[in-house]
2 protein chains.
Amino acid sequence: MNLHIRVFTIGTLAKAAGVSTPTIRYYEEIGLLPPAHRTAGGQRSYDDDDLGRLTFIKQCRDFGFGIDQVRVLLDLSVSSSRDCTETRDIAQRHLDEVREKLAELRLLERRLEGFVTRCNVACAGGPGQDCVIFKDMVAPAKGGCCG
Amino acid sequence: MNLHIRVFTIGTLAKAAGVSTPTIRYYEEIGLLPPAHRTAGGQRSYDDDDLGRLTFIKQCRDFGFGIDQVRVLLDLSVSSSRDCTETRDIAQRHLDEVREKLAELRLLERRLEGFVTRCNVACAGGPGQDCVIFKDMVAPAKGGCCG
DNA sequence: CCTTGAACCTCAAGTTACTTGAAGGAGTAC
DNA sequence: GTACTCCTTCAAGTAACTTGAGGTTCAAGG
């Protein structure tokens, strides 16, 4: 209970929030963070409120929200109505996107697995084989490598 | 058997390979495609070899390979040794990356699910609740929204 | 032959979310 | 005072294209 007012340099704030110092300057530049207070020498100076805001941003980014979505979430976070349903809708849409991406990646994983497997089967003897991967690759959607 | 020599404009080539025309110009600019032949009027002109090369590139990109990896694969595709093991190793490394990304996304999916669920539980009554998502978000790694 | 409209040309800048680098000033410890 | 780290701004780089401005070529129709 002895640190009633904590003051951060940009570097200590960065460590506390888990981001880089250029990122903090960048967030200020694009308006995610307000212009920082400055010391007499012109260096940026932060307090716990700033840490809170930055940590919030960091959490949102870790959730995969884009900068523009973070902007909306920040606005919601200070709006008087505290409209949680809007927040949930943003998160739900984002979740849908994540699931789409997951489906794509799962498909890609299977295709790559097949590719590597065919390589291993056909090229077990090492290099010098008459690998036909590249002919296969030119014919779309058939999978390739040493087929 | 009547189309022994097919000639493509950049637009028809783009459709045939499933990419955009600016993308073709971009690939030429960065050296993935050789400088195109030109008509008397200065417009680009392509043949089936170009279609083959571009289709190969497209397939690699669909596989998620980066441009630099595509460059290597293109080199391998014309190398005399046809070293399939090298090709397989590139694909294997890429597969590993895809699997890492999948793991990340699965985790993210679960976190977002929890987030949305908590929103629904706490905010079923609609807006105006005292949503505490934003306080939660400031405390890292706890999940948020209306906790 | 001439005009119209689509498709083409080049060059520059925008996109996302930062990172990296250069050149120099501020703050702190000895 | 000097050594060292951290800070400052500004510019450019990253990946892989996309978009836009302003102008040219081509094929078809009248």
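Throughout, a chain's letter reflects where its sequence line sits, starting with A, and its residues are numbered from 1. This one's a predicted model, so the numbers in the text were calculated from it and none came from an experiment.
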Separation of atom CZ in B/F65 from atom P in D/dA16, rounded to whole Å: 13 Å
N or O in side chain of A/R44 less than 4.0 angstrom from D/dC7 OP1/OP2: no
Salt bridge present between A/D49 and A/R53 (N-O < 4.0 angstrom): no
Test salt bridge (charged side-chain N to carboxylate O under 4.0 Å, His left out) applied to B/E104 and B/K101, step by step: CA-CA 5 Å; B/E104 278 175 32; B/K101 188 71 190 168; 3.7 Å; yes
Phosphate-side-chain proximity, A/Y27 and C/dA17, N/O vs OP1/OP2 below 4.0 Å: no
Test: B/D68 and B/R71 ion pair at under 4.0 Å: yes
side-chain contact (heavy atoms from CB on, under 4.5 Å) partner of B/Y46, the single match among B/V7, B/T12, B/I10, B/L54: B/I10
Between CZ on residue B/R6 and CG on residue B/L13, distance to nearest 0.5 Å: 10.0 Å
Any A/R25 side-chain nitrogen or oxygen under 4.0 Å from OP1 or OP2 of D/dC6: no
What protein N or O atoms touch nucleotides 26-30 of chain C N or O atoms at under 3.5 angstrom, if any, and at what distances?
residue, atom, partner, partner atom, Å
C/dA26, O4', A/Q43, NE2, 3.1
C/dG27, OP1, A/T39, OG1, 3.3

Separation of C/dA17 C1' from A/Q69 CD (nearest whole Å): 14 Å
Contact under 4.0 Å: B/R38 side-chain N or O vs C/dC8 OP1/OP2: no
Residue mapping more 5' on DNA chain D - nearest nucleotide basis, B/P22 or B/I67: B/I67
List the atom pairs, with distances to 0.1 Å, where a side-chain N or O of residues 89-96 of chain A and a protein N or O form a donor-acceptor pair under 3.5 Å, not counting sequence neighbours.
residue, atom, partner, partner atom, Å
A/Q92, NE2, A/D96, OD1, 3.2
A/H94, NE2, A/F63, O, 2.7
A/H94, NE2, A/G64, O, 3.3

Rounded distance in Å - OH (B/Y26) to P (C/dC9): 18 Å
Spacing of A/F8 atom CZ relative to D/dC6 atom C1', expressed in whole Å: 17 Å
Distance, rounded to the nearest Å, where B/I57 contributes CD1 and D/dA15 contributes C1': 16 Å
Nearest-neighbour nucleotide for the B/T23 side chain, D/dT18, D/dC7, D/dA16 considered: D/dT18
Value in whole Å for how far the C1' atom of D/dT9 lies from CD1 of A/I10: 12 Å
Phosphate OP1/OP2 of C/dA7 contacted by B/T9 side-chain N/O (<4.0 Å): no
B/S20, nearest nucleotide to its side chain (from C/dC9, D/dT9, D/dT18): D/dT18
Nearest-angstrom distance from the residue atom CZ of A/R61 to C1' of C/dT16: 9 Å
Would you list the protein and nucleotides 3-5 of chain C atom pairs, both N or O, that sit under 3.5 Å from each other?
none

Salt-bridge present (A/E113, B/R99; N to O < 4.0 Å): yes
Shortest non-hydrogen separation from B/S45 to B/T39 and the atoms involved: CB-CG2, 4.2 Å
Atom-to-atom span, CD1 of B/I30 to P of D/dC17 - whole angstrom: 7 Å
Minimum heavy-atom distance between B/L73 and B/T87, given as atom pair plus value: CD2-CG2, 3.9 Å
Closest non-hydrogen atom pair between B/A14 and B/S20, with its separation: CB-C, 4.0 Å
